[in-house]
Structure formats: structure tokens, C-alpha cells
K.L.:
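First, the structure itself, so that you have it in front of you.
Atoms considered below: every heavy atom in the structure, side chains included; atoms not considered: hydrogens, waters and symmetry mates. In what follows, chains are A, B, ... by sequence order, proteins preceding strands, each numbered from 1.
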Amino acid sequence: MNLKPETLQRIDEVIPHYPERRSATLPLLHLIQEDVGYIPPEAIEWVATKLGLEPINVYEVVTFYPMFRQKPIGRRHVKVCRTLSCALRGGFQTCETFEKEFATKRGEVSPDGEVTIEFVECLASCGTAPVVLIDDDLHENVDCARAKQLSEQIKAEAAARR
Amino acid sequence: MSAPAQRRIIFQHIDEPGYTNDLACYVRHGGYETLKKAVTMPPAAIIDEVKKSGLRGRGGAGFGCGLKWTLVDRKSGKPIYLIVNADESEPGTFKDRYIIHQDPHQLIEGIMITCWANNVRQAYIYIRGEFPHGARILERAIAEARAAHFTGPNILGTDYGCEIFVHRGAGAYICGEETGLIESLEGKRPYPRIKPPYFPAVLGLYQCPTIVNNVETLCHVKYITEVGSDAFAKIGMPNNTGTRILCVSGQVQRPGYYEFEVGKITLGELLYEVCGGPLPGRTFKAVIPGGSSAKVLRFGESFTLKNKDGTTRTLTVEDIPMDFDTMAACGTMGGSGGVIVMDDSVSMVEALANLNAFYAHESCGQCTPCREGSLWMKKISSRMVHDHARAEDGELLKSVADQIAGRTICAFGEACSWPTQSFVAKFGDEFAAYPAAKQVPKSVGARDLV
Ligand SMILES: Cc1cc2nc3c(=O)[nH]c(=O)nc-3n(C[C@H](O)[C@H](O)[C@H](O)COP(=O)(O)O)c2cc1C
Ligand code: SF4
Ligand code: FES
């Protein structure tokens, strides 16, 4: 495992938060996913060794929780809320707008590698529906026009980087 | 008719211009004065105050907070843990998010008072994974409070100490169920535990006595300690005391969060006056009053309830007060305070299909009736929407739901059956007519829900 020094430091800081090391499984997986972008197979072994567990104990956690992924995704992660309050306000159309803008489908990496678009369940912001979580940032009242704007922003940032 | 005014206690500073989420701002507004008062009180006196206040949990079940604390096993010799449920995942609920992001110290003060009262030396805030900023804000706030001796070892010059840690979830709704949450905090899959014997108050985190409370509940604890149980119990209605935050979403003019005295405002006042009524040209059709798991109410239905003196009264949907007890008497629940509104452009079959997809996705899979039943309900309702509806599908859905509730390890079994049971019972006509109605073009502005 090739983890950044600051990731390793944060891992060592978080383990003593718990009287039992196994409790640090989720925090460690979050830190590794933030660093690497996903949970590669060797990370499962690594976390198990670090916490004194069997790899299966870590593997069953990785496969249960929707936020952990075992494959890389696009540079930006666009999570559109699918649940009722957002759907009642046009969340499906919002999602379709993103899909069209990036010529991709939900759950796939866009051809240019820029985004992965996903439907997720209620993001606890139903009063400003439809909502979209792009990486760590919540965007509220994202109708189709706003979805287009956000897509253009992502594309502009991508162009500036190239 | 005019709706009562909001009474902002917990949300006093939410969205206030110039109010920031750092310690200095909180202290400028009188913050941590209540904790200073609390540490001069015997812990048992605080528990007693919370009991007398009548505070009921704001996480969904409405269980008496003081009673919950009384059930904690204090003789085991094991440490007692507090877990703050900040999972906020019940669809339609969005209140804890604002406390966490905008007023984290209010929560930390409530946590520390609770810990002092219950002799807790270690507390965890279990925050849903989709609140990454919220987790960072809480961590910073805890560090600030620790540096000022409001948490950590020897708080406020006493020999009492307590640490608070933030623990992030990872996108699973079932982590909101308190025993699933405990398993998750132990680093496992969040499989809820069977009760008995695993009541958190006795065998919770690491098999130690554990208190699990919702974010909003703990903010009320702070307020009760501040003003006293008598003053608190005067707010709201008997057995339904205090204020609560109502989260309104869906098809109304002004969705959002509003804080009212419990039971002092009716559903009709809330939706027509506070939230501005239906969207232009629409009428209200249905409302889910307490988070997506609460049974749906149909506009036009009415309820005959018994009064204490033996007489009866009849309430329309609009007349129902936003409380715990009347909601329950009307066959639904105040739940988490999430009010989801649907108007006449919505197909109830499609709305149910949306919710069923949620529950099928979120079942943890331990119990056969829940794992298989939630999936069947999703499959049947989405098949209906995708042009293969049959006249008997409503009955079929109901029969699946009826075989789940009451036969599972955790209350998710009820949570996933109640929408189907109530949608089919109250809109059976629509389920029966759906196969033919599908041929009719959708009304203008109707949205895809599945
Ligand atoms: C399926 C399910 C999901 C739940 N989700 C939450 C949640 O997201 N937040 C919460 O505070 N309580 C949730 N609860 C309720 C908790 O189990 C528990 O009753 C609550 O946290 C207790 O706190 P309170 O007494 O302060 O309300 C959920 C319950 C069930 C059955
Ligand atoms: S009722 Fe459903 S969610 Fe609860 S333990 Fe059983 S399978 Fe899991
Ligand atoms: S339904 Fe989308 S945020 Fe709740």
C-alpha cells in the first residue's frame, strides 16, 4: 500500500479514538478512499493487518456500504438524489441533464474520464429539492438549467487543467 | 384562520445573518452557560428534570428521553456510552443537518450535559457519510470546546472528563436504526440486533450500557437544563411538550424547515398558511406527515377520535395537530418531523414505486420477510409503472407488505411495509385504475418518479 504520509498520520490518530481497534474500520476505509480514490484489494489486506482482523471482516464492510467503491471513478463524482421529495421536484430530469451533458449513463465513468454520475438516496436536504452532491459539496434547487450550468463549470475546470 | 407564529428555540440562530459556527460566536450568545450550571447540579437532578419535562425523542420513535436514561444499567460496572444519532437518513427529514452545520456548539453543549447527567466518559457522534463538511465542522467545534475545557479531561475545573469523537457512516440508511448503528460503530456491517436481549441501555456499544439519542433531542436537553422542566413542559401540549422542527418538502409553494410548539399548529395551517399552499393550479392530494415510513394521509379522509370524556370528535386531515399522540390516533406518526406533500399531478402508484425502490435498496438483508418482501414490493410497483400493471397488483402489494411487519428483527420491517399498506388502502381506486390510466397522457408538469 502506497499511502500519503498525512493519510498514515491520520490513520494513527484515529485508531485510539476507540477502545477496540475494529471500530476504526470505517474511518480507515474513508481515509484510504480519499487518498487512493477507491478501495483496492491490497487495502483490504492492509486494513485487516493494521487492525488485527481477518481480511473478510474488512471485505464484508467494503461490500455493504454504498459509499465504498472497489473501482476508480471519474475525476468528479456527481450524486443526484433519487428519493421522493427530489423526484417530485424534477430530480430525474436533473439526472438526465447531467447524463446528456457528459454523454454517459448513471453508474459509468464518462468517456472523457471527467465524471461519474450516480443516483443516491435522500441526502437530507429535501426542502431545497432537487439536490446534487458533487464531491463534497451540496448543490440545492438544481433544476435542468442549473444542472447545465454546473456541467459547464466542470467542463471549464477540466479544460483549464489540460 | 391564522397559523400560530413559529417558536424558534433550537433553530433560534439558524440562518441568522452574522451568526457563525465557531466557539466565540456561540459564547457571545450565552453559549456554555447552561453547561456551567449543569456541573453544579447533581447528575440525578438533571435526569429528573428531563423526565419531568416530558421530552420525547425527535429521531422517529418519540420515546421518552428521561425514561430512556432511567433504563440505563448503572450497576454493571462497565462504562456507559452516549451515541448521538446524526445519521439523518429518513427520507423527508432535514433538520439535524442545519444544527450540525450552523450551530454545532449547541449540540456539543447538549451532549456534555447529557454525559454529565449519565456519567458518560466517552461519546460518539455518528454522522452520515454524506455530510463530509458537517463532520469537519463538528471536529473543529469539538477541538475548540476541548481547548476551552468544555469537553475533554477536567471540564470547567471539575474532576469530571469526557471525550467526544466523530464517526462517519458510509451511505447506509439502516445505520440510523440504533442497534445497526452500534454494530456499524463497532466496525461491522450494520445488522440490527435482536431485542431482547440487546437493548442498548443494557447491552449496547461493546456490550456496555449505551444511550442513543437524536441530535435535536440533545439540543432540547440543553434547553430544558437552561429553563427548567416546568417552563419546558408549558411549551407544546401535555405529553407532547416542547417545540419541534417540521421539515416540509415536495409540492408546496414554500418548502423548508419551521419550528413550532408541538401540537400547536395543524397540518392544514402548516401547509396552507406557513408553506403557502399548493403550486399554482394544483390541489393537495396526499401527505406523508412524519418521514417516508409514516403512513400516508389522503386529503378528504377524516378521523373520528375519542375524547377523554367519552365523547368523540371528527378531524379532517387539515385539522390534525402536528404532535405525536393525535398523529398516532389517526393511524400514522409524527415520526421524524418530515412532511412530504403530493399534489394532484402525482400518480400514487409512481410515488409508491419511488419509495419502494428506496426500501429495497436499504434493507440490510438479515430477515427473509424484509429482504425478499421489500424487493418484491419494488419489483411489483415498478412493473406497474413500466406498462405491465394488472388490476390485482394493489392486493398483491398489500399481501406482501402484510407478511413483513411484525416478523422482523428491527423496525425497518414496519418502516418498509407502512407506505405500501397505506398507499394501497387509501388509494386502492388508483391502483385498480392504473393499468387503464397509463394510456392517458400525463398532466402538465408531472414529474418522473421512477
Ligand atoms: C430504519 C430506521 C432508521 C432510523 N433512522 C434514524 C435516523 O436517521 N436518525 C435518528 O435520529 N433516528 C433514527 N432512527 C431511530 C433510532 O433507532 C433511535 O430510536 C433514535 O436515534 C433514538 O433517539 P431519540 O430517542 O432521541 O429520538 C431510525 C430507526 C429505524 C428503525
Ligand atoms: S427488518 Fe430488514 S433492515 Fe431490519 S434487520 Fe431485518 S432485514 Fe435488516
Ligand atoms: S429526497 Fe432528495 S434530499 Fe431528501
Side-chain angles (χ1 to χ4, degrees), chain A residues 14 16-31 33-34 47 51 53 57-58 60-69 79 81-96 119-131 133 135-138 141, chain B residues 79 88-97 122 124 128-133 136 163 165-173 175 184-190 205-206 247-251 255-257 288 292 338 340-343 346 350-351 354-355 357-358 361-362 364-365 447-450:
Chain A
V14 81
H17 287 184
Y18 308 93
E20 293 184 13
R21 293 173 81 83
R22 186 173 185 173
S23 280
T25 307
L26 267 75
L28 261 54
L29 291 171
H30 273 302
L31 287 166
Q33 185 161 286
E34 270 167 41
V47 171
L51 299 179
L53 303 170
N57 301 142
V58 182
E60 67 178 6
V61 167
V62 172
T63 51
F64 186 93
Y65 292 87
M67 279 178 77
F68 297 130
R69 48 183 182 263
K79 297 179 177 175
C81 176
R82 185 208 67 87
T83 320
L84 187 56
S85 303
C86 282
L88 288 168
R89 289 280 182 162
F92 277 68
Q93 284 81 351
T94 299
C95 194
E96 281 156 23
F119 254 154
V120 294
E121 300 301 338
C122 179
L123 289 167
S125 188
C126 331
T128 52
V131 297
L133 194 64
D135 302 325
D136 281 358
D137 296 325
L138 182 77
N141 300 306
Chain B
E88 190 148 73
S89 318
E90 173 80 3
T93 316
F94 49 97
K95 57 192 181 65
D96 302 338
R97 126 179 328 275
Q122 202 144 319
Y124 293 97
R128 63 178 298 180
E130 296 88 341
F131 287 176
H133 290 302
R136 283 191 282 271
E163 299 289 351
F165 296 113
V166 177
H167 185 95
R168 290 181 65 203
Y173 166 68
C175 293
S184 178
L185 192 41
E186 291 184 358
K188 305 172 196 157
R189 286 189 171 193
L205 186 60
Y206 312 120
C247 315
V248 186
S249 65
Q251 291 162 321
Y257 38 83
I288 301 173
S292 64
I340 307 171
V341 189
M342 287 159 274
D343 68 25
V346 179
E350 292 167 21
N354 180 290
L355 290 178
F358 171 81
H361 185 257
E362 301 299 337
C364 87
R447 301 295 199 174
D448 288 343
L449 304 180
V450 252

K.L.:
Considering all heavy atoms of both residues, which atom of H30(A) and which atom of A170(B) are nearest to each other, and what is their separation?
P.N.:
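What the structure gives for the nearest pair is NE2-CB, 4.0 Å.
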K.L.:
When rounded to the nearest 0.5 angstrom, what distance separates CD in E186(B) from OH in Y18(A)?
P.N.:
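Separation between the atoms: 12.0 Å.
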K.L.:
Can you tell which part of P91(B) gets under 4.5 Å to a heavy atom of chain A, answering side chain, backbone, both or neither?
P.N.:
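For P91(B), heavy atoms of backbone and side chain both lie under 4.5 Å from chain A.
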K.L.:
How long is the gap from CZ on F165(B) to OG on S23(A), to the nearest 0.5 Å?
P.N.:
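That separation rounds to 11.5 Å.
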K.L.:
Select one option (side chain, backbone, both, neither) describing which atoms of L28(A) are under 4.5 Å from chain B's heavy atoms.
P.N.:
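Neither part.
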K.L.:
Tell me, for P79(B) versus chain A, whether the close heavy atoms (under 4.5 Å) come from the side chain, the backbone, both or neither.
P.N.:
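P79(B) has no heavy atom closer than 4.5 Å to chain A.
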K.L.:
Using a 3.5 Å distance criterion without hydrogens, assess whether the side chain of H17(A) forms a donor-acceptor pair with backbone atoms of Y124(B).
P.N.:
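Not confirmed, H17(A) side chain does not pair with Y124(B) backbone.
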K.L.:
For the residue pair L123(A) and F131(B), what are the closest heavy atoms and their distance?
P.N.:
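Closest pair (atom of L123(A), atom of F131(B), distance): O-CE2, 3.8 Å.
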K.L.:
What closest approach, in Å, do C122(A) and E90(B) show between heavy atoms, and which atom pair accounts for it?
P.N.:
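Scanning both residues completely, I find the closest heavy atoms to be SG-O, 4.5 Å.
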K.L.:
Between G91(A), P27(A), P66(A), who has the most heavy-atom pairs with chain B when the cutoff is under 4.5 Å?
P.N.:
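It is P66(A).
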K.L.:
Any idea which heavy atoms bring C364(B) and F64(A) closest together, and the distance?
P.N.:
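Taking every non-hydrogen atom into account, O-CE1, 3.8 Å.
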K.L.:
Under 4.0 Å between a Lys/Arg side-chain N and an Asp/Glu carboxylate O for E34(A) and R168(B)?
P.N.:
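Salt bridge between E34(A) and R168(B), a charged N being under 4.0 Å from a carboxylate O: yes.
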K.L.:
Take R136(B) and D136(A), measure what side chain to side chain contact (heavy atoms under 4.5 Å, CB included) needs, and give me the verdict at the end.
P.N.:
CA-CA 11 Å; R136(B) 283 191 282 271; D136(A) 281 358; 3.1 Å; yes
K.L.:
Considering only heavy atoms, which portion of Q122(B) lies under 4.5 Å from any heavy atom of chain A: side chain, backbone, both, or neither?
P.N.:
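Only the side chain of Q122(B) comes within 4.5 Å of chain A.
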K.L.:
Strictly distance-based, threshold 3.5 Å: is any side-chain N or O of S85(A) a donor or acceptor partner for the main-chain N or O of G92(B)?
P.N.:
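Judged by distance alone, no pair lies under 3.5 Å.
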K.L.:
To the nearest 0.5 Å, what is the distance between OG1 on T83(A) and CD on E362(B)?
P.N.:
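Rounded to the nearest 0.5 Å, the OG1-CD separation comes to 8.0 Å.
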K.L.:
Quick one: what part of F358(B) sits under 4.5 Å from any heavy atom of chain A, side chain, backbone, both or neither?
P.N.:
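For F358(B), backbone and side chain are both near chain A.
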K.L.:
Answer yes or no: is there a donor N or O on one side and an acceptor on the other, between the side chain of R89(A) and the main chain of Q251(B), under 3.5 Å?
P.N.:
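No.
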K.L.:
Is it the backbone or the side chain of L84(A) that comes under 4.5 Å from a heavy atom of chain B, or both, or neither?
P.N.:
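For L84(A), the contact with chain B is made by backbone and side chain together.
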K.L.:
Below 4.5 Å from any heavy atom of chain B, which atoms of R82(A) appear? Answer side chain, backbone, both or neither.
P.N.:
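R82(A) touches chain B through backbone and side-chain heavy atoms alike.
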K.L.:
Do you know which of T128(A), L53(A), L26(A), V61(A) has the most heavy-atom pairs with chain B at a distance under 4.5 angstrom?
P.N.:
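Heavy-atom pair counts peak at L26(A).
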K.L.:
Given the options R189(B), E130(B), M342(B), K95(B), which has more heavy-atom pairs under 4.5 Å with chain A than any of the others?
P.N.:
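The residue among R189(B), E130(B), M342(B), K95(B) with the greatest pair count is R189(B).
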K.L.:
For chain A, which candidate among G338(B), S292(B), G256(B), A357(B) shows the most heavy-atom pairs at distances under 4.5 Å?
P.N.:
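Option with the greatest count: A357(B).
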K.L.:
Check L449(B) against L88(A) and note the closest heavy-atom contact, atom names and distance.
P.N.:
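Residues L449(B) and L88(A), closest heavy atoms: CD2-N, 3.7 Å.
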K.L.:
Which heavy-atom pair separates M67(A) from G171(B) by the least distance, and what is that distance?
P.N.:
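Between these two residues, the closest heavy atoms are SD-N, 3.6 Å.
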K.L.:
Check step by step if side chain to side chain contact (heavy atoms under 4.5 Å, CB included) holds for L138(A) and H133(B).
P.N.:
CA-CA 10 Å; L138(A) 182 77; H133(B) 290 302; over 6 Å; no
K.L.:
So which of A351(B), S184(B), C247(B) has the biggest tally of heavy-atom pairs under 4.5 Å with chain A?
P.N.:
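The candidate making the most pairs under 4.5 Å is S184(B).
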K.L.:
What distance separates N354(B) CG from F92(A) CZ, expressed to the nearest 0.5 Å?
P.N.:
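Interatomic distance, N354(B) CG to F92(A) CZ, rounded to 0.5 Å: 5.5 Å.
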K.L.:
Got a donor-acceptor contact below 3.5 angstrom from the H361(B) side chain to the E121(A) backbone?
P.N.:
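Flag not set: sc H361(B) to bb E121(A) has no pair under 3.5 Å.
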K.L.:
Would a distance-only check, ignoring hydrogens and angles, find a side-chain to backbone donor-acceptor pair under 3.5 Å from R97(B) to A124(A)?
P.N.:
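Looks like yes, one N/O pair under 3.5 Å.
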K.L.:
Heavy atoms only, distances under 4.5 angstrom: which of V450(B), V341(B), L355(B), I288(B) has the most pairs with chain A? Name it, please.
P.N.:
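Looking at each option in turn, the highest pair count goes to V450(B).
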